[in-house]
Novice: 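I'd like to ask you about the structure that follows.
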Amino acid sequence: MTQSVWGPVRQEMSDLLQSHPDDVPAVVDQLTKLQDILGRVPPLLQENPLCDFNKLYLTITESVLERLYGGKFADPAFLSRLDVEFAARYFDALRAWAGPDESPRCPRVWAGLFQRIPGPDCRPLPAACAGVNAHINFDLPFALVTTFDHLGSDPIDDSDQHHDYLQINEIFAEAIPGLRRGYLDKWQLLIDTMNGRLDDWWQGEAVDYTRNVAWRNAQKLWGMRHDMSATDKERAHLDRIASDLGKLLLSPLGEFLQ
């Protein structure tokens with residue numbers, strides 16, 4: 001599996017995934033190195049669909065780091081820990097996908113994107129959206145639970161942590177226009193210009209809604225965190241829902257809608 005997926009960058013990918021970032025600067029560093037490696041995976045190289053998502057993820061994480069340095073968060077310890085826990089799930093999925101047979105199973109939603117790495121090619125915007133779907137709809141609720149458990153607090157609405165969490169929506173809103181246009185072809189840019197800010201608006205609304213659902217799912221998981229059977233059942237449920245959405249995003253219909 002490893003050789004067929006990563007080809008000539010197999011050893012570099014293996015070495016990179018040995019690291020487990022423990023703070024936000026380390027997450028940014030690992031995502032930056034990963035971006036370089038993904039851009040050299042044959043046969044698609046920089047057209048690699050995971051490259052499209054990783055570029056978006058790196059941009060958002062760099063903005064989070066800027067706000068942390070700028071003292072913008074009421075509870076920086078919470079945001080820092082959440083960023084680390086969140087990234088860990090992405091890196092864990094990569095390890096599981098190209099790891100030995102006895103390694104933990106890669107979540108279905110991530111496998112749906114990873115299996116497109118060797119082709120067939122898919123458009124950059126749907127690929128990036130499919131990665132966002134996997135990371136927010138599946139990874140984020142569990143990252144929130146482990147973060148609150150580590151800090152000894154609870155996921156309470158209107159708390160400092162919740163308000164900091166919602167600040168990330170603002171980062172997405174600021175970054176979406178430039179990122180989205182970077183994924184578009186010339187003819188798509190023409191249509192985008194004709195639509196004005198409509199596309200930016202609805203995609204921003206979609207991010208707000210999706211991250212709100214992730215917060216609600218985290219609260220649900222928090223209530224059952226000591227019941228491993230119920231947690232595993234909910235994990236499989238969220239993976240199935242996100243996987244079905246990922247398939248739609250990567251389908252011809254999904255590409256057309258975007």
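All values derive from a computational prediction rather than experimental measurement.
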Novice: Does Arg10 make a cation-pi contact with Trp6, if we ask for NZ or CZ under 6.0 Å from the ring centre and within 45° of the axis?
Specialist: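 No, Arg10 and Trp6 do not form such a contact.
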
Novice: Scan side-chain atoms only and decide if Trp222 and Asp149 contain a donor-acceptor pair under the 3.5 Å cut-off.
Specialist: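 Side-chain D/A pair, Trp222 to Asp149: absent.
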
Novice: Side chains of Val27 and Leu31: closer than 4.5 Å at any heavy-atom pair?
Specialist: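 With C-beta onward as the side chain, the pair touches.
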
Novice: Can you tell whether the side chains of Glu234 and Arg225 come within less than 4.0 Å, N to carboxylate O?
Specialist: no

Novice: So which atom in Phe91 and which in Leu34 form the shortest heavy-atom distance, rounded to 0.1 Å?
Specialist: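 For Phe91 versus Leu34, the nearest heavy atoms are CE2-CD2, 4.0 Å.
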
Novice: Is Leu38 close to Val9 at the side-chain level, that is, under 4.5 Å between some pair of heavy atoms?
Specialist: no

Novice: Would you find a donor on one side and an acceptor on the other, under 3.5 Å apart, between the side chain of Asp239 and the backbone of Arg108?
Specialist: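 Yes.
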
Novice: If hydrophobic clusters are built from ILVMFWY residues whose side chains come within less than 4.5 Å, do Ile241 and Leu140 share one?
Specialist: no

Novice: Say you draw a straight line from CD1 of Ile171 to CD of Glu62; how long is it, rounded to the nearest 0.5 Å?
Specialist: 11.5 Å

Novice: Tell me every residue that passes side-chain contact (heavy atoms from CB on, under 4.5 Å) with Leu44, counting only those two or more places apart in sequence or in another chain.
Specialist: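 If we apply the side-chain contact (heavy atoms from CB on, under 4.5 Å) test to Leu44, skipping adjacent residues, the hits are Glu47, Pro49, Asp121.
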
Novice: Pair Thr147, Glu85 - check side chain to side chain donor-acceptor pair (under 3.5 Å), show working.
Specialist: CA-CA 7 Å; Thr147 297; Glu85 294 288 347; 5.2 Å; no

Novice: If only atom types and distance count, is the side chain of Thr146 paired as donor or acceptor with the main-chain N or O of Ala143 below 3.5 Å?
Specialist: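 Side chain of Thr146 to backbone of Ala143: a pair is present.
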
Novice: Main chain of Val41, side chain of Asn48: is a donor-acceptor contact present, judged purely on distance under 3.5 Å?
Specialist: no

Novice: Taking Asn169 for the side chain and Arg211 for the main chain, is one N or O donor matched with an acceptor at less than 3.5 Å?
Specialist: no

Novice: Is a side-chain N or O of Gln30 found less than 3.5 angstrom from the main chain of Leu16, in a donor-acceptor match?
Specialist: yes

Novice: Report yes or no: do Leu166 and Phe78 belong to one cluster of Ile/Leu/Val/Met/Phe/Trp/Tyr joined by side chain heavy-atom distances under 4.5 Å?
Specialist: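 Same cluster.
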
Novice: Within the distance-only criterion (no hydrogens, no angle test), does the side chain of Gln219 pair as donor or acceptor with the backbone N or O of Pro155 below 3.5 angstrom?
Specialist: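 Yes; judged by distance alone, with no hydrogens or angles, the pair exists.
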
Novice: Measuring centre to centre across the rings, with the benzene-like ring taken for any Trp, is Tyr57 within less than 6.0 Å of His135?
Specialist: yes

Novice: If you measure from the Lys or Arg side-chain nitrogens to the Asp or Glu carboxylate oxygens, is any gap between Asp36 and Arg40 under 4.0 Å?
Specialist: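 Salt bridge: yes.
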
Novice: How about Trp110 and Phe53: are their ring centroids closer than 6.0 Å?
Specialist: yes

Novice: Using 4.0 Å as the upper bound for N to carboxylate O, is an ion pair formed by Glu12 and Lys33?
Specialist: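 Glu12 and Lys33: not salt-bridged.
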
Novice: Grouping I, L, V, M, F, W and Y whenever their side-chain heavy atoms are under 4.5 Å apart, do Val24 and Tyr69 come out in a common cluster?
Specialist: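 Yes; tracing contacts between hydrophobic side chains, which count when under 4.5 Å, links both residues.
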
Novice: Kindly state whether the ring of Tyr165 and the ring of Phe73 have centres lying under 6.0 angstrom apart.
Specialist: no

Novice: Any chance CD of Gln167 has more than 12 other-residue heavy atoms, nucleotides or ligands included, within less than 6.0 Å?
Specialist: yes

